[in-house]
Amino acid sequence: MKHYDAQEVEKKWQEYWKKHNIYRTEDKVEGKENFYALSEFAYPSGNLHVGHWYAFAVPDIYARFKRMSGYNVLYPMGFDAFGLPAENAAIKRGLDPKDWTYKNIEYMRKQLDSMGASFDWERMIITADPEYYKWTQWMFIQFYKHGIITRVKTKANWCDSCKTVLANEQVIGGKCERCDSEVVQKDMMQWAFKITDFADELIDDLDTLDWDESIKQAQREWIGRKEGSEISFPVVVNGKDKEPVKILIATNNKSKKARVQKLLEKNNIVVDLVSPSELGIENIDVAEEGTLEENAIAKAQAYREYTNLPILANDTSLVIDGVELDPVRVKRNALGHLDEHDLSQEEIAQKILDFYIDIIKEKGGKVDGYWYEKWALVMPDGATHISEAKRNIVLTDEIHGEVDLYFPLRSLYYSQDTGKYHHEATEEDYLLEMQPVVSALKQLLNFVRGGGETEIKVFTTRADTLFGVTYVVLAPEHPLVEKLKDRIENWEEVEAYLKEVEKKSDLERQQDKTKTGVPLKGITAINPANGEEVPVWIADYVLPHFGTGAVMAVPAHDERDAEFAIKYDLPFRFVVLPSAGEVGNSRPLVTSGENEFILKAGEGKKGQEKINAEWNAMYDLLNEVHEQGGVLPKGKRFSCAFEGKLINSGAYSRMTSQEARDALTEALGGKKVKTYRLRDWAISRQRYWGTPIPMVYDPEGNPHPVPEEHLPWTLPEDVDHTPDGTAPLARSEELKKRTEELFGEGWTPEIDTMDTFVDSSWYFYRYLDPHNDEVFAGLEKRRLWMPIDLYFGGAEHTTMHLLYSRFWVKALHKIGIVEEREPYKQRLNRGLILGPDGAKMSKSKGNVINPDEVVAQVGADTVRMYLAFIGPFNEPGNYPWDPNGVVGVRRFIERVYGLGDVLKETSPEAVVKLTHKTIKKVTEDVERLKLNTAISSMMTLVNAMEKQGVGKTEYELLVKMFSAFAPHMGEEIWQEVLGNEGSIHLSDWPKYDEAMMQESELTLPVQVNGKVRAQLTISADATEEEVKNLVRELPELQKWIEGKDIKKLIYVKGKIVNVVV
RNA sequence: GCCGAGGUGGUGGAAUUGGUAGACACGGAGGACUUAAAAUCCUUUGCCUUCGGGCGUGCGGGUUCAAUUCCCGCCCUCGGCACCA
């Protein structure tokens, strides 16, 4: 066999290709479709590692395949040359970052050439070239003019070790992505792209892209769109420095007045109520007959729609079917269903408020108002009786005098003593029913005191749990805290807490999830759903940047609130009956908090039984606390976040969570809002080695863009770029002088540089027209190539570069600069090459493979092919580098080469057939980037050719396919062994011939009861009947079918025979 | 916890619409060549076996003549998000 000296062969052909300029890519070739294959460009770190080979050499196989398949393929390369690592390395070595970077680029270009990659170097770009960043700056200015980038004071992620600001995407778990030191929050003036304005588009347009679902999903989650409601909670300020104002609600019943007054006396407001009987509604006598309860129970059950929950009694002796029942609750539920208000409680509250405000406007005038409430009763015969009641309240305050109001009250209970149904309100009922009224009055009071417009806006995805709100939490950073400083009674305590929080780094705040907080004494909020007054706290588990920075806390339905509420002893009110799922398919109950009683119920049980026991334990408790409006007792304060149907929620009870979210949001004047996790993209960097921000400031400090004729706005070179926390550009005399000369005295330059992700957000356009100095890329050229057909890159850029560049194109599109809305049609994340030990390659582990060394030993062709063979390129997995595997691939290349020595006149028929089958398989596999199986089928073919012999025709077909993987050896065989003229890489990809693949006979597996027992060789055109007859006769089969009936004989044409006995 | 992708020999992986599970390669075992080693070549290699066969694609069920593939329930690994209301 010929000796294979990879070094020599590769050098020879690399020079040949260069000399003949075979990789030059024209913008347009007659009769060929353009195909833009892009691999993320290189960072000029100074050395090419295995990852680079995987990133560039393997996609090169695809680019070559496409080119041979008749496409005009653009597969360019460039350098992402600005940025921190280059600068840090330069500082460490006492060099200029520019010299260091450009030297690295020069060296890396040579290394890249050693791959045998088909880059068109005439299109190379370097983002640090002024010819390049001129256009980065130009685009920046266009965005500035359209308000897509603005200057804002914002909390920035500051890395004290790198002395610069980091983007959110560069902070990993509270630490700097680059140096792993802790990131602190610092208030800074920053130029920020309004990427959030494009958040919806960035999510919605993902659906139009042919990307792997996991990449799309990662972007969706990063953007983090949540749809929910924004609801206002009015704030009640205690007004410690104001005179108390009294509102008196009068009644004509002395004893009741005293009792209710005591109950409701709060915050300088005195409210008293009248009971229905005092308003001319007498108790209705209902003849006691045995069927009444049954009747009512049936109605109540229908109403509640619990099928797996019996309605249990807990305080009466009424027994039906051996089950004790509670007639009070039963009847109340039934009435709730039939009860027909003309107005909702919220509307009533609103009316009272409007009414009262009108009075204020009239300065104490007296207005009469009333409305009716309808009553309903279930009679023994099932009939429903409805009556009306007219109620009144008199409001009085010291400023506005006495006002008469009418409002409804309702209640009904069954008295065992009298055996009659009585209309009477319990104290709790009065409280509950009056809450909207009280709430309205308190808002009013607050208004009168001058604090009326204060409200807390909360964001919630669970507006259905509003009736379960028992407190409100603000983020410590919430502006209202500072605003209400004077009104907060425990300011010292609050201030101490704020300091404590400020001291905590974001990292600590993320890691330490124990909840802390302090109440804002003297401040309360009103739950707009039920008018209840709830305490306001600040706590650092509420994040300032998400939603509105304020949360309505629902301990019974939110795990975090539950933890906080247990710690600080705040009440739990259960208002959503969790849904157990579809009938007959109930799911495990998930709860947290003091849920031991639920877990205990399920202890020792399994499967559905356990699930049922736990659900029932919860149902039992909810039944017990129904009377208390769902307030959970100590020891059983648990939370459950499941959705379901509302309970203990006034007029909204029985609604589903989904219905209630809409209904409550609308009724309470809230709005449906979307909120995003994505933050605006702050790009100011206090470092030297980056694209200068093309802005200058007038003597008043107002920013102005540098006019286009002065672009590129060059990076000054007279700068000591050692970082000290101030921007190095501030130290440039040249830049200062340049600014004053061009704009006038007192004008100053912007001294921050841009994040490097800005440079890489549009680089793919520049490859199309790299030397154009009129425009960043000509429209015609963009039309020929964009959008990119296939983009190869690393998974680490999913939520950074990939998102930024999508935003960039959308922004350019929005202001009419480009036509496309998306840059990349198809995206492929590559996997990771691990060290031979299966761990990530790292110097400390000593498992780093240096590709230069391997190439020196076995050649670039082997390394390329090995990387393609190591695992499926279309699935991003982690593949360990196996030095033995490399040798195996090298052996394969040698065998292909060796075949050239033993060529026959013609190939045997079997080899011809296999060759065409292999062409089909390889073509299909490469097209979907399953390069590993493409190679293995070529290996199979080569094995057959070695054993059976091969002629020139088939050998040439093999070598053409092979040359995409091993371009140097492919060329060597093509020109030197086969004596062809011109490069193999300009030849056509082989086409398979279906006719050549036809086999005259084929071998079928024969199964008996699904197990393979024999093989049967038949002619390709055998009919089903013939095959079946042959099978029955098959000698090897007799022992399996002897003495048994053949029940069925299945023949799948050309595939398999199955005998069922 | 939520979302996504997966789980196949000693290893990387293959099986394109349900149709012979383990292609191809590495590693192992045996042999040839050699003074020897490397390299190369040949044979063999899922597990168990009483040599008839049986069992095998994370686990348990189901559908089917036939399941790595489809359905139901669980377990595990990797990736993304996560005190996100």
Side-chain angles (χ1 to χ4, degrees), chain A residues 1 212-224 226 228-229 458-463 465 473 475 509-515 539-543 545-554 557-561 563-564 585 590 592 607-608 641 675-677 795 798-799 829 834 838 866 869-872 875-889 891-892 894 921 924-925 928 930 932-943 946 1003-1015 1039 1047-1061:
Chain A
M1 190 196 278
D212 199 74
E213 191 52 39
S214 58
I215 309 175
K216 292 191 197 177
Q217 195 55 29
Q219 288 210 347
R220 287 190 196 106
E221 268 160 33
W222 183 265
I223 297 167
K226 286 248 162 65
S229 309
V458 304
F459 173 77
T460 179
T461 55
R462 291 297 303 274
T465 62
V473 195
R509 208 162 146 176
Q510 262 178 42
Q511 280 173 351
D512 181 17
K513 294 192 176 172
T514 49
K515 292 180 177 53
D540 69 352
Y541 80 92
V542 174
L543 305 172
H545 299 301
F546 189 80
T548 57
V551 173
M552 57 176 230
V554 188
H557 299 289
D558 183 283
E559 202 179 324
R560 294 149 302 171
D561 297 340
E563 194 191 326
F564 191 80
N585 189 19
V590 179
S592 61
Q608 195 62 45
T675 179
Y676 305 89
R677 200 194 85 99
T798 301
T799 53
N829 279 3
L834 306 174
Y866 173 65
F869 187 57
I870 201 166
E875 288 170 31
N878 297 335
Y879 309 112
W881 177 278
D882 176 5
N884 290 312
V886 176
V887 174
V889 170
R891 214 145 42 205
F892 171 65
E894 284 171 9
K921 169 91 174 138
E924 287 168 2
D925 282 355
R928 58 196 175 113
K930 288 216 60 170
N932 54 335
T933 50
I935 294 170
S936 71
S937 48
M938 284 192 286
M939 285 173 167
T940 307
L941 177 63
V942 168
N943 287 344
E946 277 184 341
T1003 302
L1004 295 181
V1006 181
Q1007 297 181 329
V1008 177
N1009 287 343
K1011 296 221 157 90
V1012 181
R1013 300 299 183 188
Q1015 301 287 324
K1039 75 186 254 205
K1047 280 191 193 158
K1048 219 179 194 180
L1049 221 166
I1050 294 151
Y1051 171 53
V1052 183
K1053 195 168 187 322
K1055 287 258 168 88
I1056 202 165
V1057 183
N1058 194 3
V1059 184
V1060 187
V1061 295

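Letters A, B, ... mirror the listed sequences (proteins, then strands); counts begin at 1.
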If I pick the C1' atom on B/C2 and the same atom on B/A67, what distance separates them, to the nearest angstrom? 31 Å

If you look at every strand shown and take non-hydrogen atoms under 4.0 Å, does A/E559 touch a base, only sugar-phosphate, or nothing? nothing

The Watson-Crick or G-U wobble partner of B/A36, with both key distances under 3.5 Å, is none

When rounded to the nearest Å, what value does the distance between C1' atoms of B/G73 and B/A66 take? 24 Å

Distance test, side-chain N/O of A/K1048 to OP1/OP2 of B/C65, below 4.0 Å: yes

Could you tell me whether A/V1060 contacts a base, only the sugar-phosphate backbone, or nothing, with contacts defined as non-hydrogen atoms closer than 4.0 Å? sugar-phosphate

Apply the syn/anti split at 90° from 0 to B/G52 and say which one it is. syn

First locate atom CD of A/Q217, then atom CG of A/D212, and finally report the distance between them rounded to the nearest 0.5 Å. 11.0 Å

Could you tell me whether A/K216 contacts a base, only the sugar-phosphate backbone, or nothing, with contacts defined as non-hydrogen atoms closer than 4.0 Å? nothing

Any-strand Watson-Crick or G-U partner of B/C41, both distances under 3.5 Å: B/G31

Would you call B/G46 syn or anti, using the 90° rule around 0? anti

Contact letters for nucleotides 19-30 of chain B, in which S counts primed atoms plus P, OP1 and OP2 and B counts the base, heavy atoms under 4.0 Å: BB--BBSSS---

Under 4.0 Å between any heavy atoms, over every strand shown, what does A/K1011 touch: base, sugar-phosphate, or nothing? Just pick one. sugar-phosphate

Nucleotide forming a Watson-Crick or wobble pair with B/C2, both distances under 3.5 Å: B/G80

So, for A/R462 and A/A641, which heavy atoms are closest and what is the spacing to 0.1 Å? NH1-O, 2.7 Å

B/C3, OP1 or OP2 - any side-chain N/O from A/K226 closer than 4.0 Å? no

Taking atom P in both B/G58 and B/U11, what distance in whole Å separates the two? 14 Å

Between B/C3, B/A85, B/C83, spot the one nearest the side chain of A/Q217, thanks. B/C3

Just verifying a value: how many Å separate A/D882 CG and A/L834 CG, rounded to the nearest 0.5 Å? 12.0 Å

Indicate, with a heavy-atom threshold strictly under 4.0 Å, whether A/P876 touches base, sugar-phosphate, or nothing. nothing

Determine the contact category for A/Y879: base if any of its heavy atoms lies under 4.0 Å from a base atom, sugar-phosphate if only primed atoms, P, OP1 or OP2 are that close, otherwise nothing. sugar-phosphate

Nearest atoms (heavy-atom pairs only) where A/L1004 meets A/I1056: CD2-N, 4.1 Å

Separation of atom CD in A/E946 from atom P in B/U40, rounded to whole Å: 12 Å

Do you know which two heavy atoms are closest between A/T933 and A/K930, and how far apart they sit? OG1-O, 3.1 Å

Any strand: nucleotide that pairs with B/G73 via Watson-Crick or wobble, under 3.5 Å: B/C59

Between B/C76 and B/G60, how far apart are the two P atoms, rounded to whole Å? 16 Å

B/A21 -> Watson-Crick or G-U wobble partner, both distances under 3.5 Å, gives none

For B/G10, the Watson-Crick or wobble counterpart (both distances under 3.5 Å): B/C26

For A/G549 and A/S214, take the nucleotide of RNA chain B holding the closest heavy atom to each; which residue's nucleotide lies nearer the 5' end? A/S214

Charged tip of A/K515 within 45° of A/F564 ring normal and under 6.0 Å: no

Heavy-atom pair with the smallest gap, counting every atom of A/V542 and A/A475: O-CB, 3.3 Å

